[in-house]
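Remarks on the structure that follows.
Proteins come first, then strands; the chains are lettered A, B, ... in the order of their sequence lines, and each starts at number 1. Everything numeric in this text was worked out from a predicted model, so none of it was measured.
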Number of protein chains: 4
Amino acid sequence: MDEPVSRVERKRGRRVEQILAVAAELFGERGYDAVNLEDVAERLDVTKGSLYYYFAGKDQLATAAIETLGDDWTGRLEAMAGAVEGDAATRLRALIRAHVVIAVREYPAALRLFLVPRTWPDALRTRITEMRRRHDQVFRAVLVDGLERGEFAVVATSTTLQAMHAAMSQAPLWCAGLADDEQERAFDELADTLMKLVALNPGP
Amino acid sequence: MDEPVSRVERKRGRRVEQILAVAAELFGERGYDAVNLEDVAERLDVTKGSLYYYFAGKDQLATAAIETLGDDWTGRLEAMAGAVEGDAATRLRALIRAHVVIAVREYPAALRLFLVPRTWPDALRTRITEMRRRHDQVFRAVLVDGLERGEFAVVATSTTLQAMHAAMSQAPLWCAGLADDEQERAFDELADTLMKLVALNPGP
Amino acid sequence: MDEPVSRVERKRGRRVEQILAVAAELFGERGYDAVNLEDVAERLDVTKGSLYYYFAGKDQLATAAIETLGDDWTGRLEAMAGAVEGDAATRLRALIRAHVVIAVREYPAALRLFLVPRTWPDALRTRITEMRRRHDQVFRAVLVDGLERGEFAVVATSTTLQAMHAAMSQAPLWCAGLADDEQERAFDELADTLMKLVALNPGP
Amino acid sequence: MDEPVSRVERKRGRRVEQILAVAAELFGERGYDAVNLEDVAERLDVTKGSLYYYFAGKDQLATAAIETLGDDWTGRLEAMAGAVEGDAATRLRALIRAHVVIAVREYPAALRLFLVPRTWPDALRTRITEMRRRHDQVFRAVLVDGLERGEFAVVATSTTLQAMHAAMSQAPLWCAGLADDEQERAFDELADTLMKLVALNPGP
DNA sequence: GATGAATGAGAATTCATTCAT
DNA sequence: GATGAATGAATTCTCATTCAT
């Protein structure tokens with residue numbers, strides 16, 4: 001599966017990653033429309049034209065950047081999911097908190113990115129959808145585990161996950177102006193709140 | 001408070017409403033950046049220039065459109081909140097369902113509208129915030145009532161409301177392609193799911 | 001067929017004609033690639049952007065300009081064909097001379113325009129082809145008339161027309177630098193030369 | 001005149017020839033403006049930058065390519081002119097046919113190449129002109145021979161040659177879509193048609 | 001009140017050219 | 001000799017905004 005890559009190709013790959021890191025940051029901060037290639041180029045200390053040496057256009061760059069952002073995000077959550085010990089509740093709560101922290105601190109405009117412009121070619125939209133599925137899977141695994149163990153109860157698995165994801169993604173909107181310690185409290189509150197979605201005995 | 005308005009002013013008012021209705025529709029469909037004034041004007045069968053007779057610019061038009069949309073939405077929820085009989089849970093669930101129905105059926109891209117461009121002047125952003133607060137207030141009233149009666153328990157009132165709102169707003173994204181009866185079931189599932197956020201005894 | 005047009009529409013039509021006249025001039029002088037919209041706009045004393053109020057893009061402007069150029073050209077030849085008295089030879093020779101004069105004096109780069117960029121959409125290419133057919137028809141009518149009267153003899157009608165057209169179109173290339181009276185002589189020589197293509201008794 | 005060339009220089013020469021062959025092909029297919037160096041490089045399996053080791057720029061490459069194409073073309077016609085036996089008419093007709101066959105089969109867009117961008121430096125334009133003269137000379141020699149022998153009669157030698165050349169060059173435009181046998185017939189018709197340009201007794 | 005026309009400031013994209021390695 | 005990378009200037013296209021009529 002992994003073909004041997006020359007030194008040159010690896011170098012190009014690293015450059016692409018640098019660009020994508022910067023682009024993911026910018027797109028994640030501001031959303032697609034509010035970013036122009038000048039901005040991306042400037043942060044990389046190159047000129048606009050250079051970006052076209054690596055990407056066919058703004059759409060392609062954005063798509064790749066979103067994927068990078070998503071891979072990074074999902075990867076960190078997966079790593080955490082693997083590392084955390086304990087019952088499903090402990091693990092799910094950790095995931096939620098981690099997700100919100102990343103959203104608020106690093107990709108405050110990520111929500112915008114999921115609202116992919118309808119004008120994009122299907123190929124690009126498909127890639128975004130794919131990426132979201134992987135991301136969802138991390139939470140789903142823990143949730144299903146908790147259900148099987150009898151730790152959790154839900155009305156419907158997918159709906160619960162959607163609701164969780166929506167709330168986590170919008171967190172940046174209302175945590176934007178808070179001081180650091182207030183944010184920490186907000187994160188805890190949100191995590192505890194969302195844990196109720198999977199609670200047993202949800203009422204008298 | 002209400003000054004007497006001339007026939008001319010009423011006529012202007014009606015025209016403004018027409019424009020706002022169309023604008024709300026378009027902005028709600030595509031989001032701020034993807035709408036251009038040409039499109040708005042075309043749907044109204046007027047020319048771009050005419051819009052400037054009623055609004056100072058694109059930002060102002062969008063703001064007013066969002067407010068119109070929000071007022072309509074909030075107004076209907078308020079009416080419902082007043083009409084529904086029963087305990088807080090019944091009323092809250094009815095509100096949730098109504099909100100989701102409006103979101104999915106009428107303003108499928110309303111989510112985009114809350115993502116106001118960062119470049120907007122503070123005056124405009126404030127008005128949007130204000131509108132959201134009114135909207136929030138409808139839910140908050142029922143929630144607080146339920147808490148006082150001992151029907152509900154929450155981790156934190158505001159956070160709970162934010163999470164609810166986020167989930168309801170994103171519903172259009174995942175209910176988009178469903179058949180009518182599937183949608184009905186999805187609405188129920190979502191309402192039941194979100195009711196867990198306020199449930200007493202949320203676990204052992 | 002002719003719908004009633006408002007004063008406004010007529011005015012717009014006149015503006016479009018002005019633009020097309022200028023564009024035809026420029027494209028006819030330099031060819032598609034060597035003209036940029038800045039040039040066209042400058043000659044019209046407007047800004048680039050204004051052109052987009054009348055034409056969807058450079059291709060559309062160029063196509064319309066080529067059509068204008070062709071209509072003008074063909075129209076003048078048709079007028080002449082109707083006006084000239086005498087036998088077919090007299091009329092054909094007059095057509096040839098007129099065609100060459102227009103080519104050299106007004107549309108020296110017209111040849112370039114018939115070499116339409118392969119990347120153009122078929123719709124545009126079709127329109128150009130159509131226009132060429134009308135142009136060809138003027139010569140064909142006189143040629144066929146001469147043949148029927150027994151004035152002319154040709155190897156093959158279409159081939160003869162193609163050869164004539166080619167020679168006439170390329171005239172600007174070799175008449176470019178000549179003085180006025182030399183040009184006149186060159187036109188006569190070319191006309192006499194091409195008349196041999198339709199001559200009876202073409203050899204011993 | 002011919003200096004001794006080292007092995008290195010010969011190698012370079014061969015490389016230059018390869019590049020020119022590919023460039024002539026591409027420029028002949030699409031014309032100057034529509035070809036970019038990326039395309040040329042790609043067909044050669046090298047990178048754009050490498051071309052600059054052999055040529056000072058796009059203009060120089062194009063000029064050399066056109067010359068190469070012209071030399072090849074002229075060379076083959078010269079060889080044929082020397083080989084064909086018979087009267088001037090036989091030889092001229094053979095030249096015409098050969099020219100058209102090469103144009104249609106091998107350099108269908110050669111016409112574009114004679115339309116050298118007006119922006120080229122004089123040095124380059126001169127070289128193109130020079131090459132055209134050599135090419136012209138092949139036909140001129142036979143034509144003059146025929147005139148001296150009393151086989152041909154023309155209105156003006158140069159004009160006749162220009163007309164012939166124009167018609168032959170444009171042949172690809174109207175022979176493009178024909179089947180092979182139809183093309184053969186078209187070639188014959190064109191040759192016969194053009195022979196009328198030099199016919200004695202061109203009419204009553 | 002409304003319109004047609006024009007503007008001007010971006011924004012994306014292309015591509016010949018340069019150059020260090 | 002060749003390459004990958006970068007540049008920068010040119011060019012097409014978009015669109016909110018202005019304004020005379």
Side-chain angles (χ1 to χ4, degrees), chain A residues 6-9 11-12 15-16 19 33-41 44-62, chain B residues 8 11-12 15 32-41 44-62, chain C residues 6-9 11-12 15-16 19 33-41 44-62, chain D residues 8 11-12 15 32-41 44-62:
Chain A
S6 67
R7 184 164 53 249
V8 173
E9 280 167 330
K11 192 170 173 188
R12 183 185 174 91
R15 192 78 180 106
V16 166
I19 296 175
D33 292 292
V35 171
N36 62 32
L37 298 185
E38 186 74 45
D39 297 335
V40 180
L44 285 160
D45 250 322
V46 294
T47 56
K48 264 185 305 186
S50 307
L51 299 176
Y52 286 85
Y53 183 67
Y54 296 97
F55 297 94
K58 190 185 178 185
D59 292 1
Q60 281 72 32
L61 172 58
Chain B
V8 173
K11 189 171 174 195
R12 180 184 174 91
R15 196 82 182 97
Y32 181 79
D33 290 293
V35 170
N36 62 35
L37 296 187
E38 189 71 47
D39 297 335
V40 179
L44 285 162
D45 248 323
V46 295
T47 55
K48 256 191 302 185
S50 307
L51 300 175
Y52 283 83
Y53 183 71
Y54 297 97
F55 297 95
K58 189 185 181 185
D59 295 358
Q60 282 73 26
L61 172 57
Chain C
S6 68
R7 185 163 55 249
V8 173
E9 280 167 330
K11 192 169 174 191
R12 183 185 173 92
R15 191 80 179 104
V16 166
I19 296 175
D33 292 294
V35 172
N36 62 33
L37 298 185
E38 185 74 46
D39 297 335
V40 180
L44 286 161
D45 250 322
V46 295
T47 55
K48 266 182 306 184
S50 306
L51 299 175
Y52 285 87
Y53 183 66
Y54 297 97
F55 297 95
K58 189 186 180 184
D59 293 0
Q60 281 71 32
L61 173 58
Chain D
V8 172
K11 190 171 175 195
R12 179 184 174 91
R15 197 79 183 101
Y32 180 80
D33 290 294
V35 170
N36 62 36
L37 296 187
E38 189 71 47
D39 296 335
V40 179
L44 285 161
D45 250 322
V46 295
T47 55
K48 259 191 301 188
S50 306
L51 299 176
Y52 284 82
Y53 183 72
Y54 297 98
F55 297 95
K58 188 185 179 184
D59 295 358
Q60 283 72 29
L61 172 57

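- Under the Watson-Crick or G-U wobble criterion, with both distances below 3.5 Å, dT21(F) is paired with dA2(E).
- Among the nucleotides dA5(F), dT3(E), dT17(F), the one closest to the side chain of R12(A) is dA5(F).
- The R15(B) side chain lies nearest to dA2(E) when the options are dA2(E), dA2(F), dT3(E).
- Within the shown strands, dA16(E) is the pairing partner of dT7(F) under the Watson-Crick or G-U definition, both distances less than 3.5 Å.
- Rounded to an integer number of Å, the gap from L61(D) CG to dT17(E) C1' is 14 Å.
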Derivation and outcome, side chain to side chain contact (heavy atoms under 4.5 Å, CB included), residues Y32(D) and D33(C):
CA-CA 10 Å; Y32(D) 180 80; D33(C) 292 294; over 6 Å; no

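- Among dT17(E), dT3(F), dG1(F), the nucleotide with an atom closest to any side-chain atom of K58(D) is dT17(E).
- Closest non-hydrogen pair, G57(C) versus Y52(C), comes out as CA-CE2, 3.8 Å.
- For the pair G49(A) and E38(B), both in contact range of DNA chain F, the more 5′-proximal nearest nucleotide belongs to G49(A).
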Could you give me the CA-CA distance, side-chain angles and deciding distance for Y54(C) and L61(C), then say whether side chain to side chain contact (heavy atoms under 4.5 Å, CB included) is met?
CA-CA 9 Å; Y54(C) 297 97; L61(C) 173 58; over 6 Å; no

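- In this structure, of dA5(F), dG8(F), dA2(F), it is dA2(F) that holds the atom nearest to the side chain of Y53(D).
- The two atoms that bring L37(B) and K58(B) nearest to each other are CD2-CG, 3.9 Å, heavy atoms only.
- Y54(D) comes within 4.0 angstrom of the backbone, heavy atoms only, and of no base.
- Position along DNA chain E of the nearest nucleotide to K11(C) versus A56(A) favours K11(C) as the more 5'-ward residue.
- Counting to the nearest Å, the P atom of dT3(F) and the CG atom of L44(D) are 10 Å from each other.
- Across all strands shown, V8(D) has heavy atoms under 4.0 Å from sugar-phosphate atoms exclusively, and none from any base.
- Regarding D39(B), its CG atom lies at a distance of 12 Å from the C1' atom of dT14(F), rounded to whole Å.
- Nearest heavy-atom pair across V46(A) and R15(A) is CG1-NH2, 3.5 Å.
- Of the side-chain N and O atoms in Y52(C), one or more sit less than 4.0 angstrom from OP1 or OP2 of dC13(F).
- Closest approach of V35(C) and V40(C) over heavy atoms only: CG1-CG2, 3.7 Å.
- Here dA12(E) is the nucleotide among dG4(F), dA16(E), dA12(E) with the atom lying nearest to any side-chain atom of L37(A).
- Regarding contacts with the backbone of dG1(F), every side-chain N or O of S50(D) stays at 4.0 angstrom or more from both OP1 and OP2.
- Note on V35(C): only backbone sugar-phosphate atoms sit closer than 4.0 angstrom, heavy atoms only; bases stay farther off.
- In this structure, L51(A) atom CG and dA6(F) atom P are separated by 10 Å, rounded to whole Å.
- Of the candidates dT12(F), dG4(F), dT7(E), dT12(F) carries the atom nearest the N36(C) side chain, counting heavy atoms from C-beta on.
- Between the CG atom of D59(D) and the C1' atom of dA16(E) there is a distance of 10 Å, given to the nearest Å.
- The CD atom of E9(A) sits 10 Å away from the P atom of dA5(F) (whole-angstrom rounding).
- Residues K48(A) and D45(B) both approach DNA chain E. Their nearest nucleotides, taken by heavy-atom distance, put D45(B) toward the 5′ side.
- Spacing between atom CG of D33(C) and atom P of dT11(F) amounts to 11 Å, rounded to whole angstrom units.
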